[in-house]
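The structure displayed is predicted, hence computed values, not measured ones.
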Amino acid sequence: MNVWIAIGLTVAGCYAVKLAGLLVPAGALERPAVRRLSALLPVALLAALTAQQTFSTGHALVLDARAAGLAAAAAALLLRAPFLVVVAAAVVVTAGVRALGG
């Protein structure tokens, strides 16, 4: 398949999903279950993406420098550090572990 056909289909699909979201009646969005789901779903998806990117390579589970960086970020979050400090801690620890051969 030509790459441009795939890009065009992706653009059309994204537009269709956006349009479908705009066509949902307002009453359906005000239900308590829908509001709870819409509040929790992004957090769950982000957590799943983080876990998948941290602990896998291809089809194998791995425990490498990325896991150490994630642990450092979690520790910084528990200490209520600002966001930039959390990111910096993760970067520094990941780079340090990789530099040490881990």
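- Side chain of Arg66 to backbone of Gln53: a donor-acceptor contact under 3.5 angstrom is found.
- When every heavy atom of Val85 is checked against every heavy atom of Ala81, the shortest pair comes out as CG1-CB, 3.8 Å.
- Across Val24 and Ala28, no two heavy atoms sit closer than the pair CG1-CB, 4.0 Å.
- Clustering ILVMFWY residues whenever any of their side-chain heavy atoms sit less than 4.5 angstrom apart, transitively, puts Leu63 in a cluster other than the one holding Val97.
- Here the closest heavy-atom approach between residue Ala89 and residue Ala76 is recorded as CB-CB, 4.4 Å.
- Interatomic distance, OG1 of Thr10 versus CD1 of Ile5, reported as 11.5 Å (0.5 Å rounding).
- Looking only at side-chain heavy atoms (C-beta outward), Val62 and Phe55 stay at 4.5 Å or farther from each other.
- When all heavy atoms of Thr54 and Asp64 are compared, the pair lying nearest together is O-OD1, 4.1 Å.
- No side-chain heavy atom of Cys14 sits under 4.5 Å from any side-chain heavy atom of Val11.
- Nearest heavy-atom pair across Ala72 and Val93 is CB-CG2, 3.5 Å.
- Sequence neighbours left out, not one pair with a member in residues 11-27 passes salt bridge (charged side-chain N to carboxylate O under 4.0 Å, His left out).
- When all heavy atoms of Ala65 and Arg98 are compared, the closest pair comes out as CB-CG, 3.4 Å.
- With sequence neighbours excluded, no residue satisfies side-chain contact (heavy atoms from CB on, under 4.5 Å) with Val17.
- Taken together through direct or relayed side-chain contacts under 4.5 Å among Ile, Leu, Val, Met, Phe, Trp and Tyr, Leu41 and Leu49 form parts of separate hydrophobic clusters.
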